[in-house]
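All figures in this text were calculated on a predicted structure; none of them were measured in a lab.
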Amino acid sequence: MISLKNNIYHTHMCGTLKAKHIGAIVKVAGWVNNIRKMGALTFLTLRDQTGVVQVFVEDEKLIEGITRESTVTILGEVRSRGEKNINQEMETGEIEIFASEIKVLGLCTETLPFEIVRAREQNENTRLKYRYLDLRNKQNYDNILLRAKLLNFIRAQMNELEFVEVQTPILTSSSPEGARDFLVPSRMNAGCFYALPQSPQQFKQLLMVSGFNRYFQIAPCFRDEDARADRSPTDFYQLDFEVSFATQDEILQVLETVLYNTLTNFTNLQVDKPPFARIKFNEAMNTYGSDKPDLRNPLTLINLTEEFKNHSFTVFNGKNIYGIKATANEMGRRFFDALTDYIKLQGAGGLVYLKYEENSFSGPAAKFLSENDVSVLKQKTKIKNGETLFIITDINNLKALKLTGLLRNELGDKLNLINKACFKPCFVVDFPFYEEDDNGNVEFSHNPFSMPQGELEALKTKNPLDILAYQYDLVLNGVELASGAVRNHNPDVMVEAFRIAGYNREVVENKFPALFNAFKYGAPPHAGAAIGFDRLLMFLCNEESIKEVIAFPMNKSAQDPLMGAPNTVTEQQLKDVHIKLDLK
């Protein structure tokens with residue numbers, strides 16, 4: 001036992017105790033991580049935000065009734081474990097606390113729904129229902145700590161770049177911005193609704209009109225969308241910024257600065273230095289089959305349409321034809337069957353593959369190739385012995401490109417061609433301003449508030465599908481990390497742009513009245529972008545699911561098992577906001 005004189009002790013966090021504290025009387029507080037008995041000896045480990053420390057308990061009465069995950073304070077002397085007993089896997093592995101007093105602060109009286117160290121093995125709903133326990137898992141806990149550090153780091157960067165942080169409203173008006181709104185009924189304005197902002201888009205442009213030249217905020221955004229691994233079904237955060245009197249190049253430089261500094265500060269992986277590669281949209285699609293290409297993947301597309309679109313082989317005839325060559329001849333039949341099944345699931349009719357060995361092709365489709373076909377393929381693809389040529393076809397050119405892009409990603413992954421020890425960012429620029437929907441109608445392909453290249457003249461004289469926009473995406477390792485544009489600040493251009501997309505002047509005036517009117521009062525040219533904060537954090541944490549970097553995420557069905565949201569409300573609450581439910 002130790003003797004405590006005059007209540008002289010020092011409070012410490014568990015993970016901060018080191019060999020230099022040996023002999024000191026300390027008081028620590030935290031969660032009982034584990035209790036183990038070794039014959040007559042009893043040990044426990046105590047955990048807090050800083051780490052874990054071992055505690056030796058000589059008097060078993062001190063831990064009577066204490067359970068794992070209870071919160072306690074422990075008073076005792078720091079002692080050396082001895083050279084033979086050092087635990088190299090613990091930061092505090094050289095020392096332990098010899099307990100003289102243990103006080104229970106909060107007793108864990110329930111059986112744990114899962115072991116904290118095995119939290120990640122649980123199903124999604126169990127983890128989220130007991131999220132406060134799930135977050136006690138070190139990996140989950142550390143992700144949220146890193147989130148806080150990233151918030152502070154980004155704010156410091158933006159302040160250094162002389163941006164002004166401005167908060168914008170959470171309740172606003174509904175407008176056609178591309179995603180489905182979350183609506184909030186108004187009590188004081190019967191029959192009317194607010195909408196949660198899909199982004200601060202209109203507000204940040206209004207700030208430019210107001211004279212705030214360099215705005216930013218780490219903004220919450222709300223979109224009623226289906227969940228994906230990298231997309232929350234309800235809300236997310238983005239680093240949102242806007243600059244007046246700015247060019248596209250100036251915005252890209254801000255993005256380069258913020259991303260490069262963040263990646264080099266928070267990771268040890270190799271990062272391409274600015275300026276990042278800039279790839280035009282059409283080039284990206286034709287080379288990689290994607291407008292968010294993973295540049296770590298060395299594979300590229302080969303356009304074989306002109307050479308084989310009139311071929312008698314029905315898979316080729318009348319189709320758009322794209323190929324990819326990769327060293328895959330040694331792969332077994334199961335590999336090629338799995339690839340075929342994968343690409344069919346993505347919507348392809350099938351997959352053609354031709355192995356090239358000893359200067360000739362083999363494979364199920366080789367019998368359809370004439371000597372001239374073989375010669376043309378060899379010349380066009382520059383294929384080498386040991387390589388396989390994979391071919392995708394489709395009547396729709398864009399679909400054929402996208403399918404071949406998906407095949408490129410799958411091959412890069414399955415053949416281990418992707419260097420996962422580096423970050424290779426790039427910009428995709430010159431997006432088409434419009435695209436056709438499935439019914440052949442013209443719609444905005446990107447941000448409707450972007451400036452079309454050529455402005456009003458282009459809108460009035462060009463085929464809408466030929467008009468390009470001053471729009472750009474920042475892509476990181478195959479993921480769209482940021483998006484932005486040079487904004488339209490001319491009301492005449494705004495009206496004409498929306499007219500082509502099927503919205504008349506009245507819609508523009510009613511749905512975007514603030515912007516439409518503000519632009520009549522000396523609006524400066526301006527441009528900006530937004531980086532997906534949660535997606536960026538996913539990279540830094542090396543996570544594949546966005547919910548792992550959010551403190552209290554929704555599940556894939558947009559439900560919160562912890563809080564029971566969404567839930568029903570009382571009849572009186574509905575009356576207050578002038579709503580009557582029809583659940584038929």
Side-chain angles (χ1 to χ4, degrees), residues 139 143 146-147 149-150 153-154 157 227-232 236-239 251-281 283-301 324 326 342 346 401-429 431 446 471-484 529-550:
Q139 187 175 355
N143 284 353
L146 184 60
R147 186 184 184 98
K149 293 177 182 177
L150 181 60
F153 182 82
I154 285 179
Q157 284 198 88
R228 290 192 320 223
D230 64 349
R231 184 171 71 191
S232 169
F236 61 92
Y237 282 81
Q238 64 186 31
L239 167 59
I251 301 301
L252 300 191
Q253 287 170 15
V254 173
L255 288 168
E256 285 173 335
T257 299
V258 172
L259 182 61
Y260 182 77
N261 289 346
T262 299
L263 294 177
T264 53
N265 186 78
F266 286 95
T267 75
N268 294 319
L269 301 185
Q270 180 183 345
V271 185
D272 282 1
K273 293 182 178 180
F276 301 155
R278 299 186 185 186
I279 306 169
K280 293 183 178 181
F281 171 82
E283 179 188 349
M285 294 302 301
N286 289 316
T287 305
Y288 307 107
S290 173
D291 60 0
K292 44 182 181 291
D294 188 345
L295 298 188
R296 299 173 303 168
N297 186 342
L299 302 178
T300 55
L301 277 58
I324 298 177
Y342 166 77
Q346 309 309 312
L401 282 169
K402 289 181 177 180
L403 288 169
T404 314
L406 292 172
L407 177 64
R408 172 181 178 266
N409 293 340
E410 190 73 1
L411 285 170
D413 180 47
K414 299 303 182 186
L415 296 175
N416 296 316
L417 301 177
I418 297 173
N419 178 7
K420 296 185 178 180
C422 68
F423 288 111
K424 297 191 75 65
C426 67
F427 290 111
V428 176
V429 299
F431 279 83
H446 210 275
Q471 295 169 337
Y472 35 84
D473 282 353
L474 173 57
V475 178
L476 181 61
N477 292 1
V479 174
E480 179 195 321
L481 187 63
S483 184
I531 297 177
F533 180 86
D534 309 282
R535 286 186 183 177
L536 177 57
L537 189 58
M538 284 175 64
F539 278 107
L540 302 184
C541 295
N542 195 28
E543 295 286 3
E544 295 183 357
S545 171
I546 201 167
K547 71 173 180 286
E548 303 296 359
V549 299
I550 298 172

Closest non-hydrogen atom pair between [X] and [Y], with its separation:
{"X": "Gly412", "Y": "Leu299", "value": "N-CD1, 4.2 Å"}
{"X": "Ser483", "Y": "His446", "value": "OG-CE1, 2.9 Å"}
{"X": "Met538", "Y": "Ala229", "value": "CE-O, 3.9 Å"}
{"X": "Pro425", "Y": "Leu295", "value": "O-CD1, 4.4 Å"}
{"X": "Ile279", "Y": "Pro293", "value": "CD1-CG, 4.4 Å"}
{"X": "Cys426", "Y": "Phe276", "value": "CA-CB, 4.2 Å"}

[Y] backbone acceptor or donor facing [X] side chain under 3.5 Å:
{"X": "Arg535", "Y": "Glu480", "answer": "yes"}
{"X": "Asn143", "Y": "Leu537", "answer": "no"}
{"X": "Asp413", "Y": "Asn409", "answer": "no"}
{"X": "Asp473", "Y": "Val475", "answer": "no"}
{"X": "Asp534", "Y": "Val549", "answer": "no"}
{"X": "Arg296", "Y": "Ile418", "answer": "no"}
{"X": "Arg408", "Y": "Pro298", "answer": "no"}

Exercise for the section: Output, in order, the C-alpha distance, side-chain angles, deciding distance and verdict of salt bridge (charged side-chain N to carboxylate O under 4.0 Å, His left out) for Lys424 and Asp294. Expected result: CA-CA 8 Å; Lys424 297 191 75 65; Asp294 188 345; over 6 Å; no
Practice task
Report the C-alpha separation of Lys402 and Met285 in whole Å, then their side-chain angles, then the decisive distance to 0.1 Å, and conclude whether the side chain to side chain contact (heavy atoms under 4.5 Å, CB included) test is met.
Solution key: CA-CA 8 Å; Lys402 289 181 177 180; Met285 294 302 301; 3.9 Å; yes
Exercise for the section: Please indicate whether Asn542 has more than 12 foreign heavy atoms, meaning atoms of other residues, nucleotides or ligands, lying under 6.0 Å from its CG. Expected result: no
Problem - Criterion side chain to side chain contact (heavy atoms under 4.5 Å, CB included) on Leu146 and Cys541, from CA distance to verdict - result: CA-CA 8 Å; Leu146 184 60; Cys541 295; 3.6 Å; yes
Exercise for the section: Please work out which of the three classes, parallel, tilted or perpendicular, describes the rings of Phe153 and Phe266, given edges at 30° and 60°. Expected result: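 Judged by the thresholds at 30° and 60°, the geometry between Phe266 and Phe153 is perpendicular.
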Practice task
Please work out which of the three classes, parallel, tilted or perpendicular, describes the rings of Phe539 and Phe423, given edges at 30° and 60°.
Solution key: perpendicular
Exercise for the section: Only pairs at least two apart or in different chains count here, so list each side chain to side chain donor-acceptor pair (under 3.5 Å) that has a residue in residues 284-293. Expected result: none
Exercise for the section: Going by the side chain to side chain contact (heavy atoms under 4.5 Å, CB included) test, name the single residue among Val428, Val479, Leu255, Leu252 that passes it with Leu474. Expected result: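 It is Leu255; the other options fail the test.
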Practice task
Would you please indicate yes or no on a ring centroid separation below 6.0 angstrom for Phe427 and Tyr472?
Solution key: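 Not under 6.0 Å, so no.
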Practice task
May I ask you to check whether Gln157 and Thr262 show a side-chain donor-acceptor distance below 3.5 Å?
Solution key: yes
